[in-house]
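First up is the structure itself, then whatever we jot down about it.
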Amino acid sequence: MSREEMATILEEIALLLELKDENPFKTKAYRAGAETVRSFPDDIVALAAANELKGVKGIGEALRDKLHEMATTGTLAFHTNLRAEFPSGLFELFELQGLGAKKIKTLHRDLSITSIADLKQACIENRIAGTPGFGEKTQKNLLEAITHRESHVGIFRLGTVAHVVEDLLQQLREHPDALRVAACGSYRRAKETVHDIDLLVATAAPAELTAYFTSLHGIQKVLAHGETKASVILDNGLQCDLRAVSNTQFPFALQYFSGSKEHNVALRQLALRKGWSLNEYDFTQVRDDAAPLPNVHEEKDIYQALGLQFIEPELRENLGEIEAAQEGTLPRLVEWSNLRGTFHNHTTESDGKNSLEEMAAAAQELGLQYLGIADHSKSSFQARGLHEDRLLQQVALIRELNAHDKNFKIFAGSEVDILKDGTLDYSDDLLSQLDYCVASVHNLFSLSEEDMTKRIIRAMENEHVTMLGHLTGRLLLKRESYAVNHSKIIDCAAETRTVIELNCNPMRLDMDWRWWHRARDKGVLCSINPDAHATAQLQFLHFGARLARKGWLRRDDVINTFSLEKITAWLQQPKAQR
DNA sequence: CTTTCTCTAAAGTGCACTGTGGCCAGTGC
């Protein structure tokens with residue numbers, strides 16, 4: 001049994017105990033146990049099997065025994081028995097906004113509802129309103145939550161698919177007949193969410209490659225399997241297509257299947273003007289007076305033949321990139337390797353999983369020169385936000401650690417809550433003692449657009465606010481953005497010299513890439529921040545770089561490409577002069 | 001269920017919002 005499986009079972013037990021109305025602290029202990037298992041810095045499965053978990057914080061006698069049972073037998077009787085008490089469909093009900101254990105229990109007990117499908121039917125038949133604890137409004141809200149969820153079935157976050165895709169690519173590359181391998185489609189264009197994955201392989205033996213592909217590990221179902229194309233559903237429900245083409249067709253197929261559709265339509269029109277037709281396999285002459293066909297070995301040759309600069313995949317949305325490529329004015333996009341540090345990260349002081357020292361070590365290992373620590377402020381109770389004295393202690397510790405290391409620097413900051421009226425959770429005096437500050441909204445999401453915009457603008461006007469955190473608060477495929485006027489925020493950021501964060505936690509990717517081009521043109525600077533709550537999450541910076549590219553950002557538009565010397569001096573300047 | 005200012009029993013993030021049902025309960029951050 002894997003570490004992840006053990007953690008998932010503990011989490012499931014927590015849900016089941018909630019349904020049984022157990023002591024809330026008991027359920028919390030199981031959830032905490034799941035987290036401990038996930039982030040344990042050693043081989044916890046082996047330790048559990050050997051019964052050597054005594055003394056691990058958060059794992060007491062009961063969890064120790066259960067982990068031992070799972071690690072040795074592969075199952076847990078306690079869990080199996082508990083599961084048998086409830087229908088399995090109940091679990092999906094937890095995914096609906098507004099439903100928790102208590103209400104699910106009532107729905108199950110009073111209305112025999114055991115799945116989302118049941119619930120939907122009951123809402124439509126008006127059977128929910130009138131049940132104790134449920135009224136007209138709740139029924140309407142539930143129906144909306146179900147609709148919202150349905151419209152997102154089959155959509156996946158970039159962060160969810162990235163490692164699956166990279167794994168499939170690696171397996172394909174290992175096949176001796178695979179000459180070139182690539183992922184295309186919206187994944188290659190770095191869309192924040194994707195519907196499916198398009199893989200491409202150049203080979204002289206297409207049938208062997210498609211057969212190999214359909215037999216790979218992690219495939220739930222084969223939808224179609226032909227000579228040059230195969231479609232499968234992966235274990236996580238994601239559809240994945242493979243196309244096998246010849247080596248000469250490869251650049252055309254790569255270009256074609258990378259899209260976007262709109263970008264390709266515009267490209268084909270350009271080709272027609274030269275007398276060529278462009279499809280997924282080659283150029284062909286369609287007029288007698290056509291120019292001679294170009295030699296194409298790589299994707300960039302296609303763009304060159306059409307009189308264009310090479311257009312990076314992230315930009316291919318037909319949002320001005322073709323015109324810019326004709327004029328030769330495409331930006332040189334920022335790259336992951338340009339990043340020297342990052343600013344919005346948490347530690348165990350608030351809701352992070354790793355200590356200050358561990359986070360700093362991980363950042364160094366990643367090749368960064370500096371790391372900004374921005375734990376939550378006191379109003380974020382749920383995240384164990386820091387009161388003034390704890391923040392000052394943290395600052396002192398950071399100063400002390402910095403004194404020992406000349407090659408790496410920790411910046412002392414805070415993710416300070418923007419309160420309802422736009423004032424901040426700490427005094428100006430305290431904020432002035434920090435190296436920088438990220439200001440974020442964490443509550444009262446239902447304010448009107450006008451009030452929310454005013455609230456955020458007031459915060460940006462504070463001279464101590466270096467940057468604005470996750471502008472819209474969205475959680476991709478889970479929670480809508482709160483209402484906020486992007487244009488006004490961008491204008492204000494330009495005026496007040498407030499940096500806007502590109503929060504690159506794959507759940508957020510906020511501010512949205514569609515706004516960055518405009519912000520950049522107004523002179524707004526970007527900070528790519530992983531919002532890391534654990535050392536491994538510093539890797540989210542990879543997604544950040546890709547989304548920044550998608551937003552047309554160059555190296556100099558992103559402050560965490562600045563060297564340690566430059567960023568140190570930059571932070572010390574008064575905000576108005578940055 | 002775990003931890004501890006412990007040795008057997010108590011304490012364990014706390015507030016705001018929504019909607020329902022009569023001044024509270026459930027959910028979410």
Side-chain angles (χ1 to χ4, degrees), chain A residues 9-37 53-67 76 78-79 82 93-110 123 128-145 346 348-352 375-387 390 415 417-421 425 440-448 451-452 455 469-470 472-475 478-482 505 507-508 531 533:
Chain A
I9 287 182
L10 293 183
E11 264 168 0
E12 224 174 270
I13 291 174
L15 285 182
L16 288 159
L17 292 178
E18 271 182 345
L19 285 172
K20 291 185 66 131
D21 235 346
E22 260 285 6
N23 175 353
F25 295 107
K26 192 188 270 198
T27 57
K28 203 179 155 192
Y30 277 98
R31 282 216 175 86
E35 267 317 308
T36 305
V37 169
L53 287 176
K54 207 173 169 81
V56 175
K57 207 167 161 58
I59 307 285
E61 204 181 337
L63 285 183
R64 200 157 62 227
D65 288 347
K66 291 186 174 73
L67 288 173
L76 181 62
F78 178 71
H79 171 245
L82 207 51
L93 290 170
F94 280 97
E95 292 167 26
L96 296 175
Q97 190 93 22
L99 275 192
K102 298 282 169 58
K103 288 193 163 167
I104 290 174
K105 198 182 162 195
T106 306
L107 290 170
H108 181 217
R109 192 191 53 219
D110 293 3
C123 285
I128 300 296
T131 306
F134 295 79
E136 290 287 341
K137 196 73 185 263
T138 305
Q139 178 169 287
K140 185 168 151 282
N141 288 343
L142 284 175
L143 206 48
E144 274 169 18
H346 297 270
T348 42
E349 273 302 304
S350 64
D351 57 350
D375 271 317
H376 286 284
S377 63
K378 61 188 183 212
S379 287
S380 281
F381 324 93
Q382 78 285 350
R384 304 203 317 123
L386 279 62
H387 275 272
R390 280 173 64 213
E415 182 181 17
D417 269 35
I418 301 176
L419 306 179
K420 184 175 183 181
D421 62 356
D425 203 15
S440 306
V441 166
H442 285 117
N443 60 6
L444 300 170
F445 294 161
S446 52
L447 289 187
S448 70
D451 288 345
M452 187 63 92
R455 174 187 187 185
H470 46 70
T472 74
R474 74 177 180 188
L475 296 177
K478 193 168 173 195
R479 186 176 74 205
E480 294 293 324
S481 307
Y482 40 73
N505 184 311
M507 287 295 291
R508 297 185 182 271
D531 203 347
H533 285 71

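A note on names: the letters A, B, ... follow the listed sequences, proteins ahead of strands, and every chain is numbered from 1.
- B:dT8 and B:dT2 are spaced 15 Å apart, taking the C1' atom of each and rounding to whole Å.
- A:A34 approaches A:E11 most closely through the heavy-atom pair CB-CG, 3.8 Å.
- Nucleotides B:dG22 and B:dA16 are separated by 25 Å at their P atoms, to the nearest Å.
- Looking at residues two or more places apart in sequence or on another chain, you find a side chain to side chain contact (heavy atoms under 4.5 Å, CB included) between A:T106 and A:R109, A:D110, A:T131, A:F134.
- Using a 4.0 Å heavy-atom criterion, one finds that A:S446 contacts the sugar-phosphate atoms exclusively.
- The closest donor-acceptor contact from the side chain of A:Q97 to the backbone of A:A145 lies at 3.5 Å or more, if one exists at all.
- Take A:H108 and apply the ring pair (Phe, Tyr, Trp, His ring centres under 6.0 Å) test, not counting sequence neighbours, and it matches no residue.
- Taking atom P in both B:dT13 and B:dC17, one finds a spacing of 22 Å when rounded to whole Å.
- Nearest-nucleotide positions on DNA chain B place A:K57 closer to the 5' end than the other of A:K57 and A:G100.
- Counting any heavy atom pair closer than 4.0 Å across all strands shown, A:A101 reaches sugar-phosphate atoms only and no base atom.
- If you check every strand for non-hydrogen atoms under 4.0 Å, A:Q97 touches sugar and phosphate atoms only.
- In this structure, the side chain of A:R474 engages the main chain of A:R508 through a donor-acceptor pair within 3.5 Å.
- When heavy atoms are screened at a 4.0 angstrom cut-off, A:N141 is found touching the sugar-phosphate backbone but no base atom.
- Using C1' as the reference atom, B:dG14 and B:dT20 are 23 Å apart when rounded to the nearest Å.
- For DNA chain B, the span of nucleotides reached by chain A at under 4.0 Å from its heavy atoms goes, 5' to 3', from B:dC1 to B:dC29.
- Looking at heavy-atom distances under 4.0 Å, A:K378 makes no contact with the nucleic acid at all.
- Both A:F381 and A:F94 sit near DNA chain B, but only A:F381 has its closest nucleotide nearer the 5' end.
- Put simply, the side chain of A:D425 gets close to the backbone of A:K378: a donor and an acceptor are under 3.5 Å apart.
- A:G33 comes within 4.0 angstrom of nothing in the nucleic acid, heavy atoms only.
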CA sep, side-chain torsions, deciding dist, call: A:H442, A:Q382, side-chain hydrogen bond (donor to acceptor under 3.5 Å, both in side chains): CA-CA 10 Å; A:H442 285 117; A:Q382 78 285 350; 5.8 Å; no
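- The separation of B:dT6 from B:dA11, taken at their C1' atoms, amounts to 12 Å, rounded to a whole angstrom.
- Within the nucleic acid shown, A:P24 has no heavy atom closer than 4.0 Å to any nucleic acid atom.
- Taking atom C1' in both B:dG12 and B:dC5, the straight-line distance is 15 Å, to the nearest Å.
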